[in-house]
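Everything on this sheet refers to the single structure shown next.
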Amino acid sequence: MALAGDLTLDLVRDSLIRQEDTIIFCLIERAKHPLNAPAYDQSYASFPGFSGSLLQYIVQQSEAVQATAGRYENPEESPFFPDNLPHSLVPPFKYPQVLHPAGTSININKIIWDMYFNQLLPLFVAEGDDGNYASTATSDLACLQALSRRIHYGKFVAEVKFRDAPHEYELAIRAKDRDALMNLLTFENVEQMVKKRVEKKAMVLGQEVSLGNDGDKQARFKVDPSVVSRLYGDWIMPFTKLVQVEYLLRRLD
């Protein structure tokens with residue numbers, strides 16, 4: 001992360017581009033397993049003092065451990081189960097004060113969770129059950145955290161855009177005009193470019209490779225590149241702009 005005075009749109013953009021690779025690799029890892037529905041069924045297993053599915057148990061326990069190791073002291077990270085997280089037990093790192101304090105607590109992980117399990121997951125994993133429920137849930141957690149980090153990075157995007165041209169945003173912020181802010185943040189040509197880039201990355205990073213003479217065979221991919229493009233177009237970029245709008249509405253507080 002850049003120091004507060006060094007935050008630029010180019011640095012933010014570079015981070016967003018690097019995060020594309022992380023998201024694609026996480027999807028590829030999750031696609032190794034079929035749906036494995038018992039991982040999400042509350043009746044599959046029970047844990048003392050806990051009510052929920054295996055997936056929920058693994059996410060909550062993992063976040064609790066990571067919280068004690070300082071993960072959520074980083075302003076780039078947002079927990080899915082923020083209530084009653086334990087405090088960090090490691091020496092604090094002095095992260096640069098980049099974000100406006102009123103906007104740091106924005107968390108839309110409930111929306112991301114719902115999108116991932118109800119809309120995205122059925123698009124790129126096969127039906128079936130291979131019994132690897134813990135590994136499946138762990139892969140889901142990696143996907144969720146990568147998506148959350150990318151989407152909540154909208155706070156940094158909004159901050160750098162506001163710093164570059166505060167006069168363009170202040171009127172809409174003071175009027176609490178969400179539609180006007182959304183229009184200021186929307187660049188359709190850029191969004192189309194991002195969708196094309198992530199689709200191409202998914203082709204390159206996820207193509208099945210063989211050493212035989214398969215020049216005439218149709219390419220096969222671990223994750224359908226069109227699904228990655230849709231993920232960005234339908235969810236990641238719209239959710240990122242939602243975070244940006246919420247941040248900007250608090251920017252003058």
* To do: Verify the cluster assignment for Y169 and L9: are they in a single hydrophobic cluster under the rule of side-chain heavy atoms below 4.5 Å apart?
  => no
* Asked: Would E159 and R163 pass as an ion pair if we require N to O under 4.0 Å?
  -> yes
* Find out whether D177 and D179 are in side-chain contact, i.e. whether some heavy atom of one side chain is under 4.5 Å from a heavy atom of the other. => yes
* Asked: Taking it one step at a time, do I236 and I23 satisfy side chain to side chain contact (heavy atoms under 4.5 Å, CB included)?
  -> CA-CA 11 Å; I236 288 181; I23 289 171; 3.9 Å; yes
* Applying side-chain contact (heavy atoms from CB on, under 4.5 Å), name anything that partners E77, two or more places apart in sequence or on another chain. => R71, Y72, N74, R149
* To do: Can you run down the salt bridge (Lys or Arg N to Asp or Glu O under 4.0 Å) pairs that involve residues 31-43, sequence neighbours left out, and say none if there aren't any?
  => E29-K32
* What's the verdict on side chain to side chain donor-acceptor pair (under 3.5 Å) for S226 and D224, showing C-alpha distance, side-chain angles and the deciding distance? -> CA-CA 5 Å; S226 68; D224 185 345; 2.9 Å; yes
* **Intermediate values then yes/no, side chain to side chain contact (heavy atoms under 4.5 Å, CB included), M237 and R150** => CA-CA 9 Å; M237 290 188 287; R150 166 60 178 81; 4.3 Å; yes
* Got a second to check how far L185's CG is from R178's CZ, nearest 0.5 Å? -> 12.5 Å
* Structure fact -> For residues 98-120, the side-chain hydrogen bond (donor to acceptor under 3.5 Å, both in side chains) pairs (sequence neighbours left out) are S105-R250, N107-N109, N109-S148, D114-N118, Y116-D140
* **Any residue meeting ring pair (Phe, Tyr, Trp, His ring centres under 6.0 Å) with F124, in chain and number order, not counting sequence neighbours** => none
* To do: Applying side-chain hydrogen bond (donor to acceptor under 3.5 Å, both in side chains), name anything that partners S88, two or more places apart in sequence or on another chain.
  => none
* Salt-bridge contact R251-E170 (side-chain N to carboxylate O under 4.0 Å) -> no
* Under a 4.5 Å side-chain heavy-atom rule over Ile, Leu, Val, Met, Phe, Trp and Tyr, are V243 and L248 clustered together? -> no
* Hey, which of Q192, K200, K195 is the one that makes side-chain contact (heavy atoms from CB on, under 4.5 Å) with S229? -> K195
* Within the side chain of T68, is there an N or O that forms a donor-acceptor pair under 3.5 Å with the backbone of V65? -> yes
* **Check: K155 side chain, Q244 main-chain N or O, donor-acceptor pair, under 3.5 Å** => no
* Asked: Say you draw a straight line from OG1 of T136 to NE2 of H33; how long is it, rounded to the nearest 0.5 Å?
  -> 4.5 Å
* Stepwise, does the salt bridge (Lys or Arg N to Asp or Glu O under 4.0 Å) test hold for K161 with E168? -> CA-CA 9 Å; K161 287 183 176 180; E168 292 185 11; over 6 Å; no
* To do: Give me the one residue out of D130, D129, V125 that meets side-chain contact (heavy atoms from CB on, under 4.5 Å) with P34.
  => D130
* To do: Decide yes or no on side chain to side chain contact (heavy atoms under 4.5 Å, CB included) for L120 and R230, but give the supporting numbers first.
  => CA-CA 9 Å; L120 176 61; R230 181 180 174 187; over 6 Å; no
* Asked: How long is the span from the CZ atom in F156 to the OG1 atom in T240, to the nearest 0.5 Å?
  -> 13.0 Å
* A142: side-chain contact (heavy atoms from CB on, under 4.5 Å) partners, not counting sequence neighbours -> C26
* Structure fact -> Heavy atoms of P238 and Y232 approach each other most closely as CD-O, 3.7 Å
* To do: Only counting residues at least two apart or in another chain, list the ones meeting side-chain hydrogen bond (donor to acceptor under 3.5 Å, both in side chains) with E20.
  => R197, K201
* Asked: Between atom CG of L121 and atom CZ of F117, what is the distance when rounded to the nearest 0.5 Å?
  -> 7.0 Å
* Report the C-alpha distance between L231 and L123 in whole Å, list the side-chain angles of each, state the deciding distance to 0.1 Å, and finish with yes or no for side chain to side chain contact (heavy atoms under 4.5 Å, CB included). => CA-CA 10 Å; L231 167 60; L123 296 179; over 6 Å; no
* Out of curiosity, does L249 fall in the hydrophobic cluster containing F239 (side-chain heavy atoms, cut-off under 4.5 Å, transitive links)? -> no
* Asked: Hey, does L35 have a side-chain heavy atom less than 4.5 Å from the side chain of Y40?
  -> yes
* hydrophobic_cluster_shared for I173 and V160, side chain cutoff 4.5 Å -> no
* Structure fact -> For D253 and A102 the tightest heavy-atom approach is CB-CB, 4.0 Å
* **All side-chain contact (heavy atoms from CB on, under 4.5 Å) counterparts of S15, not counting sequence neighbours** => R18, Q19, Y153
* Asked: Under 3.5 Å, side chain of E63 to main-chain N/O of F81, donor-acceptor pair present?
  -> yes
* **Partners passing ring pair (Phe, Tyr, Trp, His ring centres under 6.0 Å) against F187 (at least two apart in sequence or in another chain)** => none
* To do: Using a 4.5 Å cut-off on heavy atoms from C-beta on, say whether the side chain of I111 contacts that of M115.
  => no
* **Check: Q61/Q56 side-chain N/O donor and acceptor closer than 3.5 Å** => no
* To do: Check side-chain hydrogen bond (donor to acceptor under 3.5 Å, both in side chains) between D14 and all other residues, then give those that pass, not counting sequence neighbours.
  => none
* K241 with E191: basic N within carboxylate O range, under 4.0 Å -> yes
* Structure fact -> CG (L55) and CG (N36) are apart, to the nearest 0.5 Å, by 11.0 Å
* Same hydrophobic cluster for V198 and F221, using side-chain heavy-atom links shorter than 4.5 Å among ILVMFWY? -> no
* **Side-chain hydrophobic cluster, 4.5 Å single linkage: members besides F47** => Y44, F50, L54, Y57, I58, Y133
* Structure fact -> Interatomic distance, CD1@I24 vs CD1@I28, rounded to 0.5 Å, equals 7.0 Å
* Is there a side-chain contact between P75 and V98, using heavy atoms and a 4.5 Å cut-off? -> no
* Contacts of A69 that satisfy side-chain contact (heavy atoms from CB on, under 4.5 Å) - sequence neighbours left out -> none
* To do: Please report the shortest heavy-atom distance between P166 and D164, naming the atom on each side.
  => CD-C, 3.8 Å
* Asked: Any side-chain heavy-atom pair from E246 and I108 closer than 4.5 angstrom?
  -> no
